[in-house]
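Since the structure comes first, as structure tokens, the remarks are kept for the end.
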Amino acid sequence: MASPAKKRKLNNDPKLKATPARTLDHFFGKKNSGSSSKIDDSPVVAAENSEVTTSLTDEQLARKLQAEWDRESFGASTVWNGDSKERSDGISPKTPNEAIDETRLLSKQARKDIPDLDGIVATDSVAKPKTKNTLTLQAAGTAEDTLSSSIPFDQSPLTFDPSKYVQELQGHWAADGGNASYALLTRCFVLVNSTQSRIKIVDTLVNMLRVIIEADPDSLLPTVWLATNSISPPYISLELGLGGSAISKALKNVCGLDSKSLKALYDKVGDAGDVAFEAKKKQSFTLRKPKPLTIKGVYQSLVKIANTQGTGSGEVKQRIVDRLLQDARGAEESRYVVRTLCQHLRIGAVKTTMLIALSRAFLLSKPPGADFPLRSPQQLSTLKKEALAEVWAKPEEIVKACFAKRPNYNDLIPVLLEIGVCEELLIRCGLALHIPLRPMLGSITRDLSEMLTKLQGRDFSCEYKYDGQRAQVHCDDQGKVSIFSRHLELMTDKYPDLVDLIPKIRGDGVSSFIMEGEVVAVDQESGELKTFQALSNRARKDVAIGSVKVSVCLFSFDLMYLNGESLLSRPFRERRELLRSLFTEVPNRFTWVKSIDATSQDSETVLEFFKSATDIKCEGIMVKILDNLPNPNLIADVEDTEAADAIEKSARSKTIKKNAPENVPEKKTRRKALLATYEPDKRLDSWLKVKKDYSTTFDTLDLIPVAAWHGQGRKSQWWSPILLAVRNEDSGSLEAVCKCISGFTDTFYKANREFYNPGNENTLGSKPGYVEYEGGNPDVWFEPKEVWEMAFADITLSPVYTAAIGLVSEERGLSLRFPRFLKKREDKGIEEASTNEFLAGLWRKQEEKAPAAGAKGEIEGGEDDDD
Ligand code: ATP
């Protein structure tokens with residue numbers, strides 16, 4: 001059976017729509033000739049027409065309104081007598097009076113109240129004073145940009161030729177100041193949304209980006225922001241701050257919906273963007289000619305919304321939202337404008353996809369005037385798959401490396417437009433003080449023995465894994481300090497006590513640095529570690545140093561930048577040495593993570609160390625490779641062939657370099673030797689996590705609770721079982737994976753019931769379209785808000801659950817047996833919950849080890865054993 005997302009996608013088939021815009025002439029022509037048109041077929045329009053014709057024909061009405069406009073330009077005002085009725089389909093037809101008022105409001109009052117709104121769009125459109133007030137009855141739902149909506153962005157970039165469209169598009173955009181239309185971006189979104197294929201998504205983005213690069217490079221930056229569903233990097237706080245009600249109001253204002261029908265539509269489709277799509281489809285016509293949205297204009301409107309604060313800001317924001325929706329041509333534009341406003345674009349163009357697409361686009365296209373070299377698509381199309389993958393790989397690596405060190409499109413895009421993808425990009429877009437780099441991440445290992453096997457032949461450091469908050473501390477030579485979170489948010493204001501500490505820890509030889517560590521709540525007197533919960537009780541914003549109640553200690557573990565120089569390519573042993581020798585400890589406030597150095601031969605010592613970590617409330621240990629090269633004295637101990645291969649390879653290349661022999665064929669190895677460098681944004685085996693939970697259970701998953709049923713017996717007042725889901729990054733949907741009833745305390749159940757109280761903002765009236773679940777009807781649907789860490793016995797193929805469907809089996813999804821709640825991941829947002837891909841990966845890993853377990857699950861089909 002098709003999943004809701006798939007059904008939705010079928011409805012969105014771009015080939016099924018794209019009705020050309022209808023002009024006033026067309027509209028009257030049809031009416032006058034008495035022939036039926038698609039517009040007339042619509043019940044909404046039919047009703048509208050019949051109502052209007054009781055007093056005047058549409059043509060008479062239009063002429064009359066035109067006269068109104070003309071008189072208005074001379075300062076005269078008129079009153080129209082008409083009455084308003086609300087119809088059963090919920091679309092309230094605008095009386096001419098309302099329509100005039102609304103148009104006036106939008107054209108005059110809105111401009112007056114939002115003084116710089118015109119400034120925002122002024123660059124986007126050439127003023128057309130003569131036609132400004134000209135009335136056109138537009139079939140609002142269908143007035144689309146047919147040129148943009150026919151571009152085959154989903155072709156292979158090696159056959160797609162942007163030059164075919166550039167001139168025509170530029171001609172088309174000339175009336176709007178030469179700025180690329182939002183219709184172009186919408187076209188790309190529609191195509192991306194209509195496929196599940198990662199390759200197609202990347203291809204579509206590449207082609208769209210190429211058209212923008214060649215036709216209107218100035219719109220590239222806003223394009224990238226809009227396509228990645230953001231307006232600024234995480235460390236610059238620019239929040240839209242729009243409540244759901246602003247969007248509902250806009251839908252009512254612009255599409256003429258009443259509250260009841262808006263709710264009915266929302267309950268039916270479950271996504272605000274889809275509601276806008278439906279509403280715009282039903283909307284008969286607007287009296288004000290929409291001013292085509294441009295990519296720049298939409299982006300600038302979002303920035304304006306985010307920057308509008310203080311008294312009256314709600315109204316100003318509302319008018320910008322109304323205006324965006326009103327100017328959206330066609331249902332698809334409305335859908336994506338609303339999804340953008342809700343910050344839930346659901347096109348799967350996440351950061352990595354965008355970076356890949358950018359690297360490829362700049363290999364094939366450049367802006368007019370740039371002189372960096374390009375690759376010829378014709379020549380690339382003659383290459384074999386592997387050779388082509390190699391061509392793509394290098395630029396991809398460069399762009400990703402830049403963004404990992406400096407995660408801001410505002411920095412990346414202008415340089416790309418100037419020099420394309422080349423080594424220089426790494427220098428121009430490198431590490432910088434007060435811009436957070438993306439942190440290096442650790443891979444999970446099940447237990448100590450797996451860790452010891454993986455790191456055979458290497459010297460490594462075992463460090464306590466503290467349970468606090470990761471902090472990246474930047475300090476420049478003027479003493480200015482910035483502190484960033486694991487997710488790159490600026491949190492300097494949260495830790496004034498840490499800022500105060502920096503001059504005390506900075507040794508004499510240190511002018512500037514970037515350091516990383518874990519901030520942990522401690523008892524200031526004894527230094528005893530406190531739990532993560534204690535730390536989360538600290539206020540988050542604008543903390544005054546005198547008001548700090550929860551004392552913290554920074555346990556530092558890395559140094560990435562020192563005195564103007566990046567240390568990322570230095571081995572960990574060296575970075576750690578610099579950290580420990582150049583900085584000064586301050587008791588119970590600043591120190592190094594506790595650590596021991598070991599090899600795989602020291603299993604007893606490592607076990608002792610692990611136990612000591614968990615004894616003092618640490619989560620386990622982090623294990624980090626110390627040197628780039630394996631220790632040659634340890635090679636004999638390596639039994640694992642892969643590791644041996646890797647070690648041998650490194651040892652050989654070392655000898656080869658030293659003795660420089662010619663023509664020595666390199667033996668092919670299956671695995672690259674692990675490096676001890678700091679690799680921003682990478683999760684490598686050179687950092688391994690061993691947690692205490694893992695020593696008793698399997699891997700864990702971070703799932704999102706999406707629905708629940710009323711409990712039975714003792715639990716009748718609470719929600720139990722609770723339905724949990726993984727994320728599908730490609731489609732943006734949440735795929736149900738299991739119901740859970742274990743691991744919850746009564747206190748938890750009680751709080752959970754209060755949090756998800758039907759009717760409040762944490763619950764939904766019905767199943768949202770973005771949740772994939774084919775099982776029985778839950779009693780309540782949750783607004784996805786939380787991430788819960790879950791343990792489980794094993795993963796099974798399921799006939800009921802659709803999680804990861806298509807990744808391990810075409811017909812079956814995956815589910816968990818004996819899922820057990822471990823804890824809420826307060827530190828994770830839902831966009832960081834486990835993905836279907838991750839789940840499929842765990843299943844494959846499990847199958848490699850014990851295929852019988854999965855088969856057993858399949859035969860039993862027993863993922864609902866918690867019921
Ligand atoms: P990840 O951060 O790896 O994506 P996660 O959010 O699930 O995964 P954990 O599994 O808890 O986090 O482990 C990683 C985190 O542990 C780091 O981000 C850091 O905040 C913390 N940490 C504590 N001690 C150390 C240490 N000695 N070295 C590195 N990280 C440490």
Side-chain angles (χ1 to χ4, degrees), residues 351 404 436-447 451 460-473 483-489 491 495 515-522 529-533 535-536 552-560 572 575-576 579-580 590-598 606 609-610 612-614 616-626 676 678-695 697 699-703 727 787-791 822-835 838 842:
K351 179 195 86 201
L437 62 152
R438 301 191 77 87
M440 180 165 177
L441 306 168
S443 299
I444 295 171
T445 47
R446 187 160 352 125
D447 50 29
M451 180 280 283
F460 52 80
S461 166
C462 296
E463 300 176 348
Y464 278 5
K465 184 177 180 312
Y466 296 87
D467 196 4
Q469 181 174 28
R470 190 166 182 161
Q472 204 182 100
V473 182
I483 304 174
F484 300 97
S485 73
R486 145 102 168 73
H487 303 295
L488 316 185
E489 289 122 357
M491 50 176 197
Y495 292 114
M515 166 198 290
E516 221 178 12
E518 190 83 351
V519 180
V520 188
V522 294
L529 302 182
K530 295 192 178 168
T531 59
F532 174 75
Q533 262 62 40
L535 182 70
S536 54
V552 294
C553 178
L554 175 63
F555 291 89
S556 72
F557 53 75
D558 221 316
L559 187 66
M560 294 92 93
F572 181 49
R575 301 199 306 273
R576 191 181 65 172
L579 175 69
R580 296 194 178 186
F590 174 76
T591 185
W592 340 111
V593 289
K594 191 169 164 64
S595 70
I596 55 160
D597 291 352
V606 171
F609 184 75
F610 180 79
S612 70
T614 54
I616 62 150
K617 298 199 196 105
C618 281
E619 285 188 298
I621 57 172
M622 294 290 299
V623 185
K624 301 174 184 175
I625 295 224
L626 282 163
Y678 189 103
E679 299 291 332
D681 205 24
K682 288 198 182 152
R683 193 183 292 283
L684 300 171
D685 277 357
S686 43
W687 276 29
L688 294 176
K689 306 187 270 198
V690 192
K691 292 199 205 177
K692 58 183 169 210
D693 286 334
Y694 300 161
S695 53
T697 65
D699 296 289
T700 61
L701 282 162
D702 291 328
L703 302 180
R727 246 170 359 108
V787 177
W788 294 357
E789 186 173 1
M790 306 288 297
L822 290 179
K823 63 170 188 277
K824 275 192 198 182
R825 289 297 310 251
E826 314 264 9
D827 55 329
K828 285 203 168 183
I830 57 168
E831 64 291 345
E832 292 168 275
S834 303
T835 61
F838 181 72
L842 289 186

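Counting starts at 1 for both ligands and their atoms, following the listed order. Keep in mind that what you see is a predicted model, and the values were worked out from it rather than measured.
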Quiz item: Which one of Arg486, His487, Glu518 has a non-hydrogen atom at the shortest distance from atom 21 (C) of ligand 1?
Solution: Glu518
Practice problem: Could you pull out all residues at least two apart from Ser556 that satisfy side chain to side chain donor-acceptor pair (under 3.5 Å)? | Solution: none
Quiz prompt | Pairing residues for Tyr495 by the ring-ring contact (aromatic ring centres under 6.0 Å, His included) criterion, not counting sequence neighbours | solution = none
Practice problem: Find all atoms of ligand 1 within a distance of less than 4.0 Å from any non-hydrogen atom belonging to Arg825, and give their numbers and elements. | Solution: 5 (P), 6 (O), 7 (O)
Practice problem: Could you tell me which non-hydrogen atom of Arg727 sits nearest to which non-hydrogen atom of Ile830, and how far apart they are? | Solution: CD-O, 3.1 Å
Quiz prompt | Closest heavy-atom pair and its distance - Phe460, Val606 | solution = CE1-CG2, 4.4 Å
Quiz item: Which bit of Tyr464 gets closer than 4.0 Å to ligand 1, counting heavy atoms only: side chain, backbone, both or neither?
Solution: backbone
Practice problem: Look at atom 31 (C) of ligand 1 and find which of Tyr466, Phe555, Phe557 reaches it with the closest heavy atom. | Solution: Phe557
Quiz prompt | Heavy-atom neighbours of Lys617 NZ exceed 12 at 6.0 Å | solution = yes
Self-check item: Enumerated ligand 1 atoms positioned under 4.0 Å from heavy atoms of Arg683
Solution: 1 (P), 3 (O), 4 (O)
Exercise. Mark up the atoms of ligand 1 that fall under 4.0 Å of a heavy atom belonging to Val593, in ascending order.
Key: 27 (N)
Quiz item: Do any nitrogen or oxygen atoms of Asp702 lie less than 3.5 angstrom from nitrogen or oxygen atoms of ligand 1?
Solution: no
Exercise. Give a yes or no on whether the backbone of Val593 and the side-chain of Tyr466 come within a donor-acceptor separation of less than 3.5 Å.
Key: no
Quiz item: What atoms of ligand 1 come closer than 4.0 angstrom to any heavy atom of Lys624?
Solution: 26 (C), 28 (N), 29 (C)
Exercise. For ligand 1, indicate whether the residue Glu832 contacts it via side chain, backbone, both or neither (heavy-atom separation under 4.0 Å).
Key: neither
Quiz item: Under 4.0 Å between a Lys/Arg side-chain N and an Asp/Glu carboxylate O for Asp827 and Arg486?
Solution: no
Quiz item: If we only count N/O pairs under 3.5 Å, is Asp827 in contact with ligand 1?
Solution: no
Exercise. Using a strict 4.0 Å cut-off to heavy atoms of Glu619, name the atoms of ligand 1 that fall inside it.
Key: 11 (O)
Exercise. Examine the proximity of ligand 1 to Gln469 and report which part, side chain or backbone, both or neither, has a heavy atom under 4.0 Å away.
Key: neither
Self-check item: Glu463, portion touching ligand 1 at heavy-atom distance under 4.0 Å
Solution: side chain
Quiz item: Taking NZ, NE, NH1 and NH2 as the nitrogens, is one of them in Glu516 or Arg470 under 4.0 Å from a carboxylate oxygen of the other?
Solution: yes
Practice problem: Using modelled atom types only, decide if a donor and an acceptor are shared between the side chain of Thr614 and the backbone of Gly620 within a distance under 3.5 Å. | Solution: no
